[in-house]
Number of protein chains: 2
Amino acid sequence: MPKNDFESRKEKILELIIENYINDALPISSRAISRRLRRALSPATIRNVMADLEDAGFITHPHTSAGRVPTDKGYRRYVNVLMQAKLLTEVEKKRIDESFKGKFEEIDDVIINTSRLLSSIAEEAGLVTFPTLEKGAFRHIELVEVDKDKILAVLMTKSGLVKNIIIEFEKPLKKGDLNKITNFLNTRFHGISLRNAKKAITQQLLIERDAFFYILDETKGMIDLILAAIKGERVYLEGASKIIMQPEFRNLDKIEVLLRALENPQVLSSIVKKSLDSEGVGIYIGKEIEVDQLRDCSLVVCDYTIEKDHLGVLGIIGPKRMPYARIVSLVDYVSKTLSEILG
Amino acid sequence: MPKNDFESRKEKILELIIENYINDALPISSRAISRRLRRALSPATIRNVMADLEDAGFITHPHTSAGRVPTDKGYRRYVNVLMQAKLLTEVEKKRIDESFKGKFEEIDDVIINTSRLLSSIAEEAGLVTFPTLEKGAFRHIELVEVDKDKILAVLMTKSGLVKNIIIEFEKPLKKGDLNKITNFLNTRFHGISLRNAKKAITQQLLIERDAFFYILDETKGMIDLILAAIKGERVYLEGASKIIMQPEFRNLDKIEVLLRALENPQVLSSIVKKSLDSEGVGIYIGKEIEVDQLRDCSLVVCDYTIEKDHLGVLGIIGPKRMPYARIVSLVDYVSKTLSEILG
DNA sequence: TTTAGCACTCTTAACCTTAGAGTGCTAAAT
DNA sequence: ATTTAGCACTCTAAGGTTAAGAGTGCTAAA
């Protein structure tokens, strides 16, 4: 038997081991694999192959007389080369589409719906960040006086995202001044990205300083505040209870570590940072997440966008033993759908 | 010994049993109580009293040879008559005050901060609803055209809460019409409560129908949408992981039931409804919560307000074995502080 | 009324034991 | 040169037993 076939047999067996383990959460015995191959190979042969796979680091066994379980390296190989995408069923797609049909009054409702959807279809924890306006294009700003020394800025991006910011001033602004600033911003900056707005706006402001000379500082301060406010990053996570149903987490200490981690803003934010690296759907297995408390978990993430501008991130957190083929399709589809809805 | 003293001794012992149990999470033996009374009474005597308390339904024992634990009725008596408020320490108060000192750009940040604070001081789950605008007074509305057939309504209450609502129209409105509606709303309805706004506005609209005759329907529809949008009720809950640390929840099945319940919007909303009944700080013990999945928990809640108008609810969920004396003070103080901050 | 004394109950942890699953190795079979 | 049967060996998980300890309830004496 040529080398190639030999290698491909190994791969096949690795694939079977991993898929079986993902399904049953039990170590896989040589006999089980032999049966799956319709006895084309005897358990003894499988055992030899398994020993090779173990030497190569793709599988391991919890103790001498137990079957095999995948290692991180095994899962990695599985998602990289063995797994073939398992498309969502029409029923699932329909369910996702339907769930976005409802009326959403606020962006929060959309985000919550999305994360609930992810968690409930995947039966894992679903994670969605609130969209950032940073990459959005400036469309309209409205400055409303709410007090002598307080204004409400309502900022809207081209894609229709809205943010309210309340700004306090030391000395009150005159109504005319507010209008002047509003007009200035709306006419000069229509369409430019908020991320680049600061430099552009302050420059332009200096050019037109004559018109603004006595409110220049206030105007600049206000712009700073507005741009600072849109940087905030918030994550919504739902379905931690789904994870603890998984056999590998039926253990109080593990649950405790996991729940604590998922409640920790730093952990969430480092997860989100990680996700930014990936093009398309990103898969992080165990220690690849680089969060110690999540070393028994995997993360499948994807960003969502408006007109190719990054808005936020969504994904699934669950045990490493996760039906990647399905989850990847799910995350991909939901991210596309969300992007469309917001667009 | 007169009847009174006899009764008060019973109460004292009940109090000791409950406080011990709250501290240690272990059934309390007659010997332990005797020791706590500096042997003023022998264990045998205590046992007699305990038998009475058990007959009266205040305590029970898990099995023949175990010490006593409080029943719901016992806890109820404790919080109603035995417990004396345990004020927060200055350090704790300071911590709460400090945590509200930061800059909050959005109301969401305030709510999240509050619930995190509750959860972290109480070492239980903290719960805060987002403020409803319903009871707030109308202050200002701004209607901004964002598309031919889409407008953004920015609604602000007297107390400074802001809500954005995006409204779509079948046929486009003219710019002049928008201004007309904006002016109408801002001049005629300044100061009236949003809850009563609908009737008042539609009535007034009919009186002035001549001015609006060709956009009457659109105007009415828009008002309906705006008022519907402010009804939404959202709850933020943090610290479920704190509950599962408690000895009575060191059990996978219980944790599962609990986490599922706390992720269930219906459960949360029925908790919030409950809270509306109570004047000041409300305490609900076990089945009093009227949510079967939470029959082993207690709920301590209080509403928060602006100028005596109800805005929302905050509180603590934890095991029935909860340091009520401390938690009540905490919930009370945080609710007052939050009310002040928002005012 | 209170308390000492004591039999009784029940839980918990520790320790065995055993069945069963699965491996690794060796030697025979293909 | 592989593949496979056979078998000894290992480890887990479940069940059973035991003993210690904590606490009660009752009775009879103080």
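Chain A is the first sequence line, chain B the second, and so forth, proteins listed ahead of strands; every chain is numbered from 1. Computed from heavy atoms alone, side chains included, the values below leave out hydrogens, waters and symmetry copies.
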Closest to the B/A44 side chain, choosing from C/dT3, D/dT24, C/dG24: C/dT3
Where at least one partner belongs to residues 282-293 of chain A, residue pairs that pass side chain to side chain donor-acceptor pair (under 3.5 Å), sequence neighbours excluded: A/D72-A/K287, A/R76-A/E288, A/K274-A/E290, A/S278-A/Y284, A/D292-A/R295
Among A/I316, A/I22, A/V328, side-chain contact (heavy atoms from CB on, under 4.5 Å) partner for A/M322: A/I316
Rounded interatomic separation in angstrom, taking CG from A/L41 and C1' from C/dT30: 14 Å
Letter per nucleotide, 5' to 3', of nucleotides 7-16 of chain D [B base touched, S only sugar-phosphate touched, - untouched; heavy atoms, 4.0 Å]: ---BBS----
Paired stretches of DNA chain D - 3 or more consecutive Watson-Crick or G-U pairs, each distance under 3.5 Å: C:1-30 with D:1-30
Residues in side chain to side chain donor-acceptor pair (under 3.5 Å) contact with A/Y333, at least two apart in sequence or another chain: A/D97
Positions of residues 12-27 of chain A (non-hydrogen atom under 4.0 Å from DNA chain C), listed by number: none
Residue A/S42, side-chain atoms from C-beta onward, closest of D/dT24, D/dT4, C/dT3: D/dT4
Qualifying side chain to side chain donor-acceptor pair (under 3.5 Å) pairs with a residue from residues 31-44 of chain A, counting only residues at least two apart or across chains: A/S42-A/T45
For A/D296, all residues meeting side chain to side chain donor-acceptor pair (under 3.5 Å), sequence neighbours excluded: none
Sequence-distant partners of A/T89, side-chain contact (heavy atoms from CB on, under 4.5 Å), two or more places apart: A/V91, A/E92
For B/N264, all residues meeting side chain to side chain donor-acceptor pair (under 3.5 Å), sequence neighbours excluded: none
B/R31 CZ - C/dA4 C1' separation (whole Å): 14 Å
Contacts of A/S65 that satisfy side chain to side chain donor-acceptor pair (under 3.5 Å) - sequence neighbours left out: none
All side-chain contact (heavy atoms from CB on, under 4.5 Å) counterparts of B/E263, not counting sequence neighbours: A/A240, A/S241
Proximal nucleotide (of D/dT3, C/dT23, D/dT4) relative to the A/M50 side chain: C/dT23
Can I get a per-line list of side-chain donor-acceptor pairs under 3.5 Å for residues 243-253 of chain A, giving both atom names and the distance, sequence neighbours left out?
from	atom 1	to	atom 2	distance (Å)
A/Q246	OE1	A/R321	NH2	3.0
A/Q246	NE2	A/E123	O	3.4
A/E248	OE1	A/R321	NE	3.2
A/E248	OE1	A/R321	NH2	3.1
A/E248	OE2	A/R321	NE	2.8
A/R250	NE	A/I244	O	3.4
A/R250	NH2	B/E256	OE1	3.0
A/N251	OD1	A/D253	N	2.9
A/N251	OD1	A/K254	N	3.0

